[in-house]
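Letters A, B, ... are given to chains in the order of the sequence lines, protein chains preceding strands, and every chain is numbered from 1. Keep in mind it's a predicted model, so treat the numbers as computed, not measured.
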Protein chains: 2
Amino acid sequence: MLSMTASRHATTSRAPRGETAVPAAFPGFSQISAVSFYNEDSVIYAQGEKTGPLYLVEFGAVRTYRLTADGRRQISAFYFAGEVFGFEAGDEHHFYAESIERSGIRVLRPTHGDRQADTVLPLALNSLIRAQEHLLVLGRQNAVERVAAFLLDLAERQDSETHVDLPMSRADIADYLGLTFETVSRVLRKLKELRLIRLAATRQVEILNFDGLNELCE
Amino acid sequence: MLSMTASRHATTSRAPRGETAVPAAFPGFSQISAVSFYNEDSVIYAQGEKTGPLYLVEFGAVRTYRLTADGRRQISAFYFAGEVFGFEAGDEHHFYAESIERSGIRVLRPTHGDRQADTVLPLALNSLIRAQEHLLVLGRQNAVERVAAFLLDLAERQDSETHVDLPMSRADIADYLGLTFETVSRVLRKLKELRLIRLAATRQVEILNFDGLNELCE
DNA sequence: CGTTGACTTGAAGGTATTCAAGCTTTGTGG
DNA sequence: CCACAAAGCTTGAATACCTTCAAGTCAACG
């Protein structure tokens, strides 16, 4: 269930010449780089592995997480197309990174003539902001507020006020929000009963009342 | 109670010549700098203020926190002597920073010939690690585990396996751990009854069984 | 078409919160 | 130096919220 034993199904492919340039500039990291494809629930890197490259999501979705000694999982972040992950302090990963669905990940390897700090610093600061925002959610908000905040966060990142795509399972959402998957399910039902959302499909949320949802987050 | 209205009681003093060198190197930030003194519960910076300098705790203790719209507070971190805070993404602070007790804070202003990223990046990555560790605590640990982890964290930072000094109130601890101050109080009593700690004074914890406390964190 | 995994739903139970009262410590003024 | 006030802390009882356990439904896939 925790995908700890997920085998690596990545197939690396060097992209054809014309498509290799990375959209944005990442000084200190290779601009021309391989894209790896990962199936659902594949390990991208594991806790304890050496750090080094950055990872740019071309398409798909990624979760990063830690485990407690007795196996409880805390997902620290989700990453979607266009977002970068993989920077950490020290030379070993403290987290696991896994694909949630079939994904394409561009591996940005550090180059020698380094300006890496210029690339990593804004990413790190942004992640820090997000992590601290998340601390507020986990520390001070109830289940309904957490789920509402999560949906709004996804809506914003998916650039839509009306429709949210959930590539991850209820269990993933639960492990991100510090809840159980049953509670996530119940809260979604409640939001549905409140006419704030509609579940077009299990993993397709339609936002019926954006402001109402927003008010729930306090 | 939230010290929102705490007035600024800082008295700035330029340190005498021989003592001005900052212990460690902070490239891109002024090495010779003023130390400000803050009384208990004084605002160092507020949410919305412009960012810029870094702050090095010379002595005392600092909390940084955010508030929800309805006034719930989440303390994101405590900072003690030798630790640096104040770096954030963007040009405005997302957090409040306040002294917990009478404190001396060295203000490190950015210099022009900048190598600031070299200084800020390791600090940011370290903070990110700490924040993500904290996410695991808030998301997946119960009250006893949270308090135990907190005591061990402080013990490590205070370089003692037997004695922990708590400069902050029970309410501060609660707002850091996502609990109520009553629960913090009850958990400390429980740890006392388990003979894992002793309360020499309200804010002086003696660790009687370090390993036992460690096991509680899972 | 049957099986598997993901999801939903219900009922019981547990943990932390809320509300309330009392205690301790600290600081201040008489 | 003592008395009092105020704030911080402790403790108890009732309650709320989320979890756990269990059963059942739905959807995807071979």
Side-chain angles (χ1 to χ4, degrees), chain A residues 1-3 5-6 39-41 63 68 70-74 100-102 137-148 150 166-193 197-205 216 218, chain B residues 1-3 5-6 39-41 63 68 70-74 100-102 137-148 150 166-193 197-205 216 218:
Chain A
M1 174 207 167
L2 294 177
S3 302
T5 57
N39 286 324
E40 206 179 317
D41 297 326
R63 62 177 166 252
T68 61
D70 63 343
R72 285 172 284 178
R73 183 178 68 156
Q74 177 63 44
I100 290 171
E101 55 186 350
R102 176 158 175 79
V137 172
L138 295 193
R140 286 287 166 243
Q141 310 218 120
N142 63 30
V144 171
E145 292 169 332
R146 292 183 202 196
V147 173
F150 177 69
L166 303 176
M168 70 292 286
S169 69
R170 301 289 189 264
D172 282 339
I173 299 172
D175 285 350
Y176 178 69
L177 296 179
L179 302 169
T180 61
F181 65 88
E182 295 98 325
T183 298
V184 171
S185 184
R186 275 186 260 267
V187 169
L188 287 173
R189 172 162 59 120
K190 187 170 181 183
L191 296 179
K192 205 167 62 179
E193 286 166 1
I197 65 170
R198 219 173 63 80
L199 282 173
T202 307
R203 298 190 179 187
Q204 297 286 329
V205 178
L216 281 188
E218 268 296 12
Chain B
M1 175 201 165
L2 293 178
S3 303
T5 57
N39 286 326
E40 206 178 317
D41 297 325
R63 60 177 168 252
T68 61
D70 63 344
R72 286 171 284 179
R73 183 178 68 156
Q74 177 64 43
I100 291 171
E101 56 187 349
R102 177 159 175 79
V137 172
L138 295 192
R140 286 286 166 244
Q141 310 219 120
N142 64 29
V144 171
E145 292 169 332
R146 292 182 201 195
V147 173
F150 178 69
L166 304 176
M168 71 291 287
S169 68
R170 299 290 190 264
D172 282 340
I173 298 171
D175 285 351
Y176 177 69
L177 296 178
L179 301 169
T180 61
F181 66 88
E182 295 99 325
T183 297
V184 171
S185 184
R186 276 185 259 266
V187 169
L188 288 172
R189 172 162 58 119
K190 187 169 181 184
L191 296 179
K192 205 167 62 181
E193 287 167 0
I197 65 170
R198 220 173 62 80
L199 283 173
T202 307
R203 298 189 179 187
Q204 296 285 330
V205 177
L216 280 188
E218 268 297 10

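Contacts of B/R198 classified as salt bridge (charged side-chain N to carboxylate O under 4.0 Å, His left out), with partners at least two apart in sequence or in another chain: B/E206. For B/T183, the side chain to side chain contact (heavy atoms under 4.5 Å, CB included) criterion is met by B/A143, B/L179, B/T180, B/V187, not counting sequence neighbours. Here B/R170 pairs with nothing under the salt bridge (charged side-chain N to carboxylate O under 4.0 Å, His left out) rule; sequence neighbours left out. Checked against salt bridge (charged side-chain N to carboxylate O under 4.0 Å, His left out), A/E182 has no partners two or more places apart in sequence or in another chain. Residues meeting the side chain to side chain donor-acceptor pair (under 3.5 Å) test with A/R186, sequence neighbours left out: none. Not a single side chain to side chain donor-acceptor pair (under 3.5 Å) links A/E101 to another residue, sequence neighbours left out. When the side chain to side chain donor-acceptor pair (under 3.5 Å) test is applied to B/E145, the partners found at least two apart in sequence or on another chain are A/R72. Annotation: side chain to side chain donor-acceptor pair (under 3.5 Å) contacts of B/T202 (sequence neighbours excluded): none.
Atom CZ in B/R203 sits about 10 Å away from atom C1' in D/dA7, given to the nearest Å. If you measure from atom CE of B/M168 to atom C1' of D/dA7, you get 18 Å, rounded to the nearest angstrom. Spacing between atom CG of A/N39 and atom P of D/dC29 amounts to 13 Å, rounded to whole angstrom units.
Fit an axis to the five pairs at each end of the helix from C/dC1-D/dG30 to C/dG30-D/dC1 and the two axes sit 30° apart, to the nearest 10 degrees.
Using modelled atom types, one side-chain atom of B/R203 and one backbone atom of B/P167 make a donor-acceptor pair closer than 3.5 Å. For the pair B/R63 (side chain) and B/I100 (backbone), a donor-acceptor distance under 3.5 Å is absent.
Note on B/R146: nothing from the nucleic acid sits closer than 4.0 angstrom, heavy atoms only.
Chain B approaches DNA chain C over the interval C/dA16 to C/dC19, counting the first and last nucleotide 5' to 3' with an atom under 4.0 Å from its heavy atoms.
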Reading nucleotides 16-28 of chain D from 5' to 3' and marking B where a protein heavy atom lies under 4.0 Å of the base, S where only the sugar-phosphate is that close, and - otherwise, the string is --SBBB-------
